[in-house]
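A short worksheet on the structure shown next.
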2 protein chains.
Amino acid sequence: MTTRSGPATIAEVAAHAGVSPATVSRVMNGRFVGEPSVAERVRASARALDYHPNHLARSLALGRTGAVGLVVPDLANPAFQEVLSGLAKSAAEDGYRILVTDSAEHPEDEPELATEIRRRCDAVVLCAPRMRHDDLVTLAPTLDPLVLVNRPDVTVAAPSLSIDYGAGIAELARYMYESGHRRFAFLAGPEMSVSNALRLASLDRFASDHPDTTMVRIPSGVGIENGLAAADAVARADVTAALAYNDLVAVGLINGLAEHGIRVPEDISVAGFDDIPYARYMSPPLTTVAVPHTDLGVEAWDRMQTLLNSRRPAGQVVLTPRLEVRGSTDRLI
Amino acid sequence: MTTRSGPATIAEVAAHAGVSPATVSRVMNGRFVGEPSVAERVRASARALDYHPNHLARSLALGRTGAVGLVVPDLANPAFQEVLSGLAKSAAEDGYRILVTDSAEHPEDEPELATEIRRRCDAVVLCAPRMRHDDLVTLAPTLDPLVLVNRPDVTVAAPSLSIDYGAGIAELARYMYESGHRRFAFLAGPEMSVSNALRLASLDRFASDHPDTTMVRIPSGVGIENGLAAADAVARADVTAALAYNDLVAVGLINGLAEHGIRVPEDISVAGFDDIPYARYMSPPLTTVAVPHTDLGVEAWDRMQTLLNSRRPAGQVVLTPRLEVRGSTDRLI
DNA sequence: ACCTCGTGAGAAAGCGGTTTCTCCGTTAGT
DNA sequence: ACTAACGGAGAAACCGCTTTCTCACGAGGT
């Protein structure tokens with residue numbers, strides 16, 4: 001009588017029930033079509049031995065793992081955390097798990113990361129806003145099934161979910177214009193960021209459509225500290241409204257302006273972007289553009305789902321942000 | 001000439017190089033000790049066929065997947081996101097990936113989730129502050145290697161990383177006491193939450209150590225809306241200081257009090273717990289207790305690492321939060 | 001010249017399932 | 001009564017890689 005070491009295997013269940021492994025497999029997967037008594041015996045044996053199919057072995061035989069990889073630039077970034085949250089919840093409903101990894105904000109590492117993680121699972125959701133276009137084009141076909149998040153790219157066959165940052169900031173600018181503002185500052189995000197480029201392009205268009213406005217571009221960044229650092233430049237810029245790259249920058253800016261004795265919104269209007277949960281509760285409450293990051297994850301799974309069922313999902317989906325007017329901006333007229 | 005379908009297999013590389021699969025395997029894993037020319041030929045073939053070992057097959061043969069599961073109650077919760085972030089980054093340095101799942105705040109589902117995810121990977125990091133103790137005791141042995149986060153439990157053999165919430169709130173209470181406050185309100189979190197229980201126990205001890213204080217307990221919750229809802233009760237409670245279960249509750253409370261025309265900190269001092277990134281930038285800046293959630297993830301990986309190398313790590317590690325005094329609390333003396 | 005030992009590399013047996021293919025026994029049809 | 005069809009279940013191949021075991025060959029010792 002040998003003492004069994006690890007968990008029970010299908011062979012042991014088969015022996016215990018006096019049937020073949022094939023039969024056990026069929027019973028376990030609901031593909032069994034014979035004597036009900038046999039099935040019952042197998043089930044009893046499985047229960048007795050506390051048998052659970054080895055997931056790895058199943059995956060190997062089946063050719064699918066039931067997991068999907070998610071690659072993001074930085075897991076510490078709330079925006080990507082929201083994407084993950086939405087994605088993981090939706091995926092879980094279909095019995096899929098998410099394998100996560102981040103590139104520590106090194107876009108050049110992302111192709112390798114994505115490739116590596118792809119080998120461990122059935123598909124990849126790639127969130128690579130800063131990856132070089134060439135890299136993306138060569139990488140994408142090797143990742144299939146692939147869903148792109150926040151990286152609209154018609155060159156690539158993969159479905160893509162993204163936020164229309166341009167439309168969002170345009171709506172904000174239009175609102176500010178209608179409120180009487182003419183002299184704007186834009187606190188720009190990272191040079192290489194696609195979403196920053198979209199904002200810039202949109203604001204350029206806005207400026208040329210409205211020749212009576214000025215738009216000062218101030219290099220900033222993505223964090224509170226970058227907003228703080230930009231306060232000086234904004235104070236000097238002789239503007240009535242500052243549009244920050246995101247809410248964190250806006251928070252920093254408002255605090256930095258306070259140190260200069262500049263009040264928001266009385267002396268200058270400040271708007272953010274993203275609508276982080278706390279934006280509504282700051283004082284003054286932050287006017288911002290609500291970006292549905294969680295929806296991005298949810299919709300990404302929707303596309304992935306159809307992809308995994310080898311149907312062709314809609315190619316490019318663009319979610320539109322929503323303007324949230326609050327107390328940090330003033331109407332001049 | 002048959003057209004190859006999927007990616008190259010080890011057998012194909014072997015055929016191409018004119019060697020056996022065993023040799024290819026050894027070369028790929030650096031265990032080859034023969035003619036260097038053979039190794040070079042294998043490497044050339046691998047390159048020519050763009051061969052990459054099938055991760056699943058390797059895992060099955062090796063008995064290890066290079067992935068670790070993380071179970072949390074809610075991926076949308078910033079605290080758990082920070083744990084994930086710290087964990088994923090540390091794990092990545094050792095070549096491990098993280099498979100995440102959340103229980104949608106259903107503690108009763110967590111045993112099954114953890115068991116399921118454990119079958120897909122080499123170990124589990126379990127973050128289950130609300131799981132029933134009995135469940136944990138029966139579950140833990142089946143999950144080994146296991147690291148517990150935020151769930152100190154000497155009954156269970158697994159190493160555990162946690163925050164000393166009791167010490168944190170005690171330090172806050174002591175500071176407030178020294179500032180002259182005597183009448184306190186505590187906005188309690190979820191009934192079943194261990195971390196809430198720790199805060200309560202600590203405050204009870206504080207109250208009995210300081211008979212000249214009163215401590216009103218007000219049921220609240222974990223979100224901004226719960227803080228808002230509690231404002232009324234706090235306003236009625238005739239206290240000089242309110243300690244919120246966490247920063248979100250504090251944010252809600254401050255906003256709710258403002259609606260009652262009650263100023264913070266002039267009329268009542270409010271303190272939070274967690275030190276979320278925005279706490280410092282609110283107005284008034286929030287006095288709070290900084291909780292190192294990211295470190296929790298980092299340290300969890302440290303323990304996991306020693307566990308995976310089958311050494312015995314320190315059993316129970318407790319991280320101490322740090323008091324952050326800011327503008328939302330006033331000294332009365 | 002013969003035997004032993006060391007070395008390089010292949011054959012084959014797993015890892016733990018799934019699935020095709022095959023076989024055997026029973027039932028129905030004429 | 002004989003055969004065709006069918007249904008139930010097992011044998012074996014396979015998924016792709018690792019690793020032990022085995023073997024052939026050449027070198028060195030006596």
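Every chain is numbered from 1 and lettered A, B, ... according to where its sequence line falls, protein lines coming before strand lines.
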Over how many whole Å does the gap from [X] atom [atom1] to [N] atom [atom2] extend?
| X | N | atom1 | atom2 | value |
| --- | --- | --- | --- | --- |
| L62(B) | dG14(C) | CG | C1' | 13 Å |
| I10(B) | dC14(D) | CD1 | P | 18 Å |
| R119(A) | dG16(D) | CZ | C1' | 14 Å |
| N54(B) | dG16(D) | CG | C1' | 6 Å |
| R64(A) | dG17(C) | CZ | P | 16 Å |
| L49(B) | dG16(D) | CG | C1' | 15 Å |

T142(B) to R118(B) - nearest heavy-atom pair and separation: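 Nearest heavy atoms, T142(B) then R118(B): O-CG, 4.4 Å.
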If you look at every heavy atom in E110(B) and S103(B), which pair is closest and at what distance?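 Closest approach of E110(B) to S103(B), heavy atoms only: OE2-OG, 2.9 Å.
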Among dG10(D), dG17(C), dG16(D), which is the nearest nucleotide to the side chain of L60(A)?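 Closest nucleotide among those given: dG16(D).
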Which is true for V24(B) with a 4.0 Å heavy-atom rule: it touches a base, it touches only sugar-phosphate, or it touches nothing?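 Touches nothing.
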Check ion pair E299(A)-R303(A) (N to O, under 4.0 angstrom):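 Looking at E299(A) and R303(A), the cut-off is met.
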Is it the case that over 12 heavy atoms from other parts of the model lie below 6.0 angstrom from the CD atom of E112(B)?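 Incorrect, the count does not exceed 12.
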Taking only heavy atoms on the protein side, list every residue of residues 27-43 of chain B lying under 4.0 Å from any atom of DNA chain C, sorted numerically.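 Only F32(B), V33(B), G34(B), E35(B), V38(B) qualify.
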Measure the shortest side-chain to side-chain distance between [X] and [Y] over non-hydrogen atoms and say whether it is less than 4.5 angstrom.
| X | Y | answer |
| --- | --- | --- |
| Y96(A) | R64(A) | yes |
| T306(B) | R312(B) | no |
| R97(A) | V100(B) | no |

Distance-only donor-acceptor test, R26(B) side-chain atoms vs dG8(C) base atoms, 3.5 Å: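 Not at all, since no donor on one side and acceptor on the other fall under 3.5 Å apart.
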Is there a side-chain polar atom (N or O) of T23(B) under 4.0 Å from OP1 or OP2 of dG10(C)?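 Checking dG10(C) against T23(B), a side-chain N or O does come within under 4.0 Å of OP1 or OP2.
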When you match A61(B) and A22(B) each to their closest nucleotide on DNA chain C, which lands nearer the 5' end?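 Nearest-nucleotide comparison on DNA chain C picks A22(B).
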